[in-house]
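Input: one structure, supplied below.
Counting from 1, the numbers follow the sequence of the chain as shown. Just so you know, these numbers use all the heavy atoms, side chains as well, and skip hydrogens, waters and symmetry mates.
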Amino acid sequence: DDSAFVDKALEIYNQKYEQTYMHTKECYEGVPEAIEALAPHFRLGMLSNKQDEFVLKLVKQLFRDGLFEIAHGTRDGIKPKPHPQAPLEFCEFFGLEPDEIAFVGDSDVDVLTAINSGMAAVDVTWGYRDEETLRRVGAQYIAHTPKELVDILMSLK
């Protein structure tokens with residue numbers, strides 16, 4: 001049965017990830033400073049397809065308290081990215097319409113999440129995917145450096 005195999009593989013992955021995910025001690029260079037530069041101008045949230053418990057611990061380890069008003073990973077009953085369910089929850093939390101939100105990501109899944117949710121797709125090239133991949137799936141804005149990301153987001157304000 002394929003589902004039993006997938007369940008077992010996911011169980012092993014989760015066990016290994018739980019042992020290694022906290023090995024991250026810092027973000028990409030310049031990212032914390034960029035986020036701090038944006039914080040006075042924007043309300044910030046974080047959404048990941050990693051497990052919720054790990055996301056919450058990483059946010060606590062890597063960023064100051066209160067920087068992100070809301071942060072979530074995958075949760076039972078909530079469809080993962082690129083489905084719009086979780087991003088639309090963020091809209092409700094912030095009291096904003098989707099077209100008032102820039103969804104920043106580093107992958108084709110993030111671009112599709114933004115598009116599916118009706119948000120601006122702002123993507124960076126220092127993560128999972130290259131610029132060509134991001135553009136091919138519909139990224140509206142591409143940042144090559146954290147400074148460019150700040151400039152793009154400030155221009156959308």
Could you list the residues that satisfy side-chain contact (heavy atoms from CB on, under 4.5 Å) with Pro98, not counting sequence neighbours?
Leu88, Cys91, Met119
Report yes or no: do Ile70 and Leu47 belong to one cluster of Ile/Leu/Val/Met/Phe/Trp/Tyr joined by side chain heavy-atom distances under 4.5 Å?
yes
For Pro87 and Thr113, work out which heavy atoms get closest and say how close.
CG-CG2, 3.5 Å
Nearest heavy-atom contact between Gln51 and Thr74 is CA-OG1, 3.5 Å
I'd like to check the side-chain hydrogen bond (donor to acceptor under 3.5 Å, both in side chains) partners of Glu131; sequence neighbours left out, ordered by chain and number.
Arg135, His144
Taking Arg43's backbone N and O only, do any of them form a donor-acceptor pair with Glu69's side chain (distance below 3.5 Å, no angle check)?
no
Can you tell me which residue pairs pass the ring-ring contact (aromatic ring centres under 6.0 Å, His included) test with a partner in residues 61-120, sequence neighbours excluded?
Phe63-Phe68
What is the distance from atom CG of Asp151 to atom OH of Tyr141, rounded to the nearest 0.5 Å?
13.5 Å
Separation between OG (Ser117) and CG (Asp99), nearest 0.5 Å, reads 12.0 Å
State, yes or no, whether a side-chain contact exists between Val109 and Tyr128 at a heavy-atom distance under 4.5 Å.
no
Kindly compute the distance separating CZ (Arg75) from CD (Gln85), expressed to the nearest 0.5 Å.
8.0 Å
Cluster companions of Leu56 among Ile, Leu, Val, Met, Phe, Trp, Tyr (side-chain spacing under 4.5 Å):
none
Can you get from Ile115 to Val122 by hopping between Ile, Leu, Val, Met, Phe, Trp and Tyr side chains that sit under 4.5 Å apart?
no
Report the C-alpha separation of Asp110 and Ser107 in whole Å, then their side-chain angles, then the decisive distance to 0.1 Å, and conclude whether the side chain to side chain donor-acceptor pair (under 3.5 Å) test is met.
CA-CA 5 Å; Asp110 292 320; Ser107 72; 3.1 Å; yes
Heavy-atom pair with the smallest gap, counting every atom of Ser155 and Ile152
OG-O, 2.6 Å
Kindly work out whether a path of hydrophobic side-chain contacts (I/L/V/M/F/W/Y, heavy atoms less than 4.5 Å apart) joins Val150 to Val104.
yes
Taking Asn49 for the side chain and Lys81 for the main chain, is one N or O donor matched with an acceptor at less than 3.5 Å?
yes
Have Thr133 and Asp130 got a donor and an acceptor in their side chains that come within less than 3.5 Å?
yes
Please output the side-chain donor-acceptor pairs of residues 33-42 that fall under 3.5 Å, not counting sequence neighbours, one pair per line with the distance.
residue : atom : partner : partner atom : Å
Glu36   : OE1  : Arg64   : NE           : 3.0
Glu36   : OE1  : Arg64   : NH2          : 3.2
Glu36   : OE2  : Arg64   : NE           : 2.9

Testing the basics here: between Val111 and Ala139, what is the closest heavy-atom pair and its distance to 0.1 Å?
CG1-N, 3.4 Å
Under 4.5 Å between side-chain heavy atoms, counting indirect links through other Ile/Leu/Val/Met/Phe/Trp/Tyr residues: same cluster for Leu67 and Leu153 or not?
yes
Backbone N or O of Pro82 within a donor-acceptor pair of the Asn116 side chain at under 3.5 Å?
yes
Residue list, side-chain contact (heavy atoms from CB on, under 4.5 Å) with Glu29, at least two apart or on another chain
none
Verify the cluster assignment for Val137 and Trp126: are they in a single hydrophobic cluster under the rule of side-chain heavy atoms below 4.5 Å apart?
no
Please tell me if the side chains of Tyr28 and Val124 come closer than 4.5 Å, counting only heavy atoms from C-beta onward.
no
